[in-house]
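Some notes on the structure that comes next.
By convention in this document, chain letters (A, B, ...) are assigned in the order of the sequence lines, proteins followed by strands, and residues within each chain are numbered from 1. None of the values given here were measured: they were computed from a predicted structure. These values consider heavy atoms only, across backbone and side chains, with no hydrogens, waters or symmetry-generated copies.
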Amino acid sequence: MFILKKFGQLLVTVILVTLFASLLLELLPGDPTEVLIPSGSDQQREDLRQELKLDQSFAVRYSTWLGNFATGDLGNYYTVSSDRPVSDRLWQSLPVSLLLMFYAQMLALIFAIPLGVLTAYRKGTWFDRTSNTAAFAMLAIPNFALGFLLQYYLGVKLGWFKTSGYASPSESPIEHLQYMILPTITLAVGQIAIYMRLLRSDMIATLQQDFILMAKAKGLKSKRILFRHALRPSSLTLLTVAGLNIGTLIGGALIVEVVFALPGMGLMLFEAIGRRQIVAFQSMVAVIAILYILVNFAVDLLYTVLDPRIRNANKS
Amino acid sequence: MQTNRDTSITHLDSSSLPTIEAIEAPSSHTVKGNRLGTAAWVAIAWIAFLALLAILAPVLPIPDPNQSFVAIARKGPTAGHWFGGDAIGRDLLSRIIWGTRSSFIVGFGAVAFGLILGGMLGLITGFFRGRVDGLITPLMNVLLAIPQFVLALSLVTVLASGAGVNSTRRLAVVVLGLGIVSIPLLGRITRANTLAWSEREFVLAAKAMGAKNGRIMVREVLPNVMPAMLSISLLGVGIAIVAEGGLSLFGVGVQLPMPSWGNIIAEGRGQMRNSPHIVIFTSIILFLTVMALNFLGDAVNRRFGVRESVL
């Protein structure tokens, strides 16, 4: 029942988001064909008007668009000479963005979990204060600024990593990593700070609880208490924040892709904006928004599965 | 005596129980918290200093931000030009100062827009609940269902696409776009806090004395919700200023030749290899400003004992 209700909400949100995406073309001031093919002939413009159903009502346009979208037709890049479908490129660039976000998230957790646990355990010490100050600074670095600086110092000056471009992991895994490492670090830095600070405050509260005292009294080693007993309840908090963070992560990934010329969704959006391809743009916005909604939905479900309190509350 | 000034709900209940206190307020700042602290004043001074520079930009003894000096093109700091020149020899310091204008207009303007509309909606939905809430909150949730940067990018791209969009109009579009994005965020926070504060006894007392809803909202609830709104808004200003940089990178931020921190960096990226000072200097200013704003947001949080758990 609970799942069904959630699923209903999901469906409504997806519909509303697609409605927003298709409204983008409507919001465009003036004649959309002027924007899409500024140098097209009158005949070409008329054809495009027909194709986009600009002479009909918004309801017709939206339902046509939604039907096409649902069947995988994401519209075209319109040029005077030829029209290329958006979906071809999208299926190539989506994995790049997803990989980037996945790597960044992994890197962030690898650093943030031990740091969060240790700073909580050593609360108030020199180590804790330094880490906290560092985290505070990391939160304030704009990701594009960090990207340019890493590109310059580690890429250009020291020549350690590749600064722009991409290789797919199936072709050459090593090159793939060389291209991905700087973007991943750039995207992960802010996330590390968020997770670390959160885990720290969560753990400080957990460490005051009776079951920790119990574990200490039983003579368990600190390491075991920290990572086995104390970390477990915090994992739910981490999951919640990871869920809340996905929006920021997506936005960050798009920007970082532009900085490092990674051919993902961000670069695709960048080109679509530069070439005024609003139809392609709105399809991409819809795809990104739906992905975002689906991931949030998954986090919600996962949360229910993991936390016995929520699980039982839903049953009754 | 100072501890009694803390107004948060949990604190009043647990002030006699030191163990619970220790769990709930790990940083002892809340207890001291009547003053902002030196660091917060430094942050305020930095923001005020920049604001002053931005306001005084036309009368300051700096070159015109759009005037080119061939001699300093792509060159680092010199005696007459402390921050050096940009790609076409415009004085970087002057551009950053003039850029502060647009960046601050974007940051503070967008958040003010979101704060007024989002705050109003949050206050109304949190106070009346029921049908009003059922109508407005789902609408806000739709805006939250799109990643914020993508939403801003969509709005600005579309609204700035028309012919004859000049720099001033583009600035307005950026403020509007980022402002719309911040409505649901600020609205949600205001609503959550309003929900909590509307339950309190003094609100009931005001109702019992026959105060009208409008008066209760503005005089009783709003002052208590303000600190949370202010704290989030300060973070929001930083986020908006950075977001403008992101938009600039996509080519839809503040439009050249009008400088903004974002478009100076976006324009300077082409010169990164040979004259990295353009991006580096601007980034440092941007970084310090965001840090100051974040710090102030945190300081307000500590000072007024705003609790995340209320959200």
Item checked: Atom group of A:Ile250 that falls short of 4.5 Å from chain B, counting heavy atoms -> side chain

Item checked: Over all atoms of both residues, closest heavy-atom pair of B:Ala145 and A:Ile293 -> O-CG1, 3.7 Å

Notebook entry, point to check: Hey, which residues of residues 150-158 of chain A are touching chain B, say heavy atoms under 4.5 Å apart?
Noted result: A:Tyr152, A:Tyr153, A:Val156

Check: Mind checking whether B:Val242 and A:Phe144 have side chains closer than 4.5 Å, heavy atoms only?
Finding: yes

Check: Are there more than 12 heavy atoms of other residues, nucleotides or ligands under 6.0 Å from atom CZ of A:Phe58?
Finding: yes

Next item on the list: Could you look at A:Ala21 and say if it's the side chain, the backbone, both or neither that has a heavy atom under 4.5 Å from chain B?
Entry: neither

Next item on the list: Write down the atom of A:Ala289, the atom of B:Pro147, and the distance for their closest heavy-atom approach.
Entry: CA-CD, 4.2 Å

Note to self: Set out, in order, the CA-CA distance, both residues' side-chain angles and the distance that settles side chain to side chain contact (heavy atoms under 4.5 Å, CB included) for A:Thr13 and B:Asn141, then state yes or no.
What the structure shows: CA-CA 9 Å; A:Thr13 323; B:Asn141 284 341; over 6 Å; no

Notebook entry, point to check: For the atom pair CZ (B:Phe287) and CG (A:Leu139), what is the distance rounded to the nearest 0.5 Å?
Noted result: 10.0 Å

Margin query: Is it the case that atom CZ in A:Phe7 sees more than 12 heavy atoms from other parts of the structure closer than 6.0 Å?
Written below: no

Item checked: Any B:Thr157 side-chain heavy atom under 4.5 Å of A:Phe281 side chain -> yes

Next item on the list: Could you check which of A:Gly124, A:Pro142, A:Gly274 has the highest count of heavy-atom pairs closer than 4.5 Å to chain B?
Entry: A:Pro142

Checklist line | Heavy-atom closest contact (A:Ala137 atom, B:Met291 atom, distance) | finding: CA-SD, 3.8 Å

Check: With side chains defined as the heavy atoms from C-beta onward, is the minimum distance between B:Leu153 and A:Ile273 less than 4.5 Å?
Finding: yes

Item checked: chain B contact via A:Val12 - which portion, at a heavy-atom distance below 4.5 Å -> neither

Margin query: What part of A:Phe148 gets within 4.5 angstrom of chain B, counting heavy atoms only: side chain, backbone, both, or neither?
Written below: both

Next item on the list: Write down the atom of B:Asp298, the atom of A:Arg197, and the distance for their closest heavy-atom approach.
Entry: OD2-NH2, 3.4 Å

Note to self: With chain A as the partner, which of B:Ile239, B:Ile146, B:Leu144 has the greatest number of non-hydrogen pairs under 4.5 Å?
What the structure shows: B:Ile146

Check: Roughly how far apart are A:Ile141 CD1 and B:Leu286 CG, rounded to 0.5 Å?
Finding: 10.5 Å

Margin query: In the structure I gave you, are the side-chain heavy atoms of A:Ile255 and B:Phe250 within less than 4.5 Å of one another anywhere?
Written below: yes

Next item on the list: Tell me the residues of residues 173-183 of chain B whose non-hydrogen atoms fall below 4.5 Å from those of chain A, in number order.
Entry: none

Notebook entry, point to check: Atom CG of A:Asn143 and atom CG of B:Leu249: how far apart are they, to the nearest 0.5 Å?
Noted result: 9.0 Å

Next item on the list: Begin from the C-alpha positions of A:Thr163 and B:Met272 and carry the test side chain to side chain contact (heavy atoms under 4.5 Å, CB included) through to its verdict.
Entry: CA-CA 12 Å; A:Thr163 54; B:Met272 204 61 205; over 6 Å; no

Margin query: With chain A as the partner, which of B:Gly262, B:Ala152, B:Gly251, B:Gly246 has the greatest number of non-hydrogen pairs under 4.5 Å?
Written below: B:Gly246

Check: Do you know the tightest heavy-atom contact between A:Leu24 and B:Val158?
Finding: O-CG1, 3.3 Å

Margin query: What's the separation between atom OG1 in A:Thr248 and atom CZ in B:Phe149, rounded to the nearest 0.5 Å?
Written below: 12.0 Å

Next item on the list: Report the distance from atom CD1 of A:Ile288 to atom CG of B:Leu151, rounding to the nearest 0.5 Å.
Entry: 12.0 Å

Checklist line | Inter-residue atom distance A:Leu28.CG - B:Leu159.CG, 0.5 Å rounding | finding: 9.0 Å

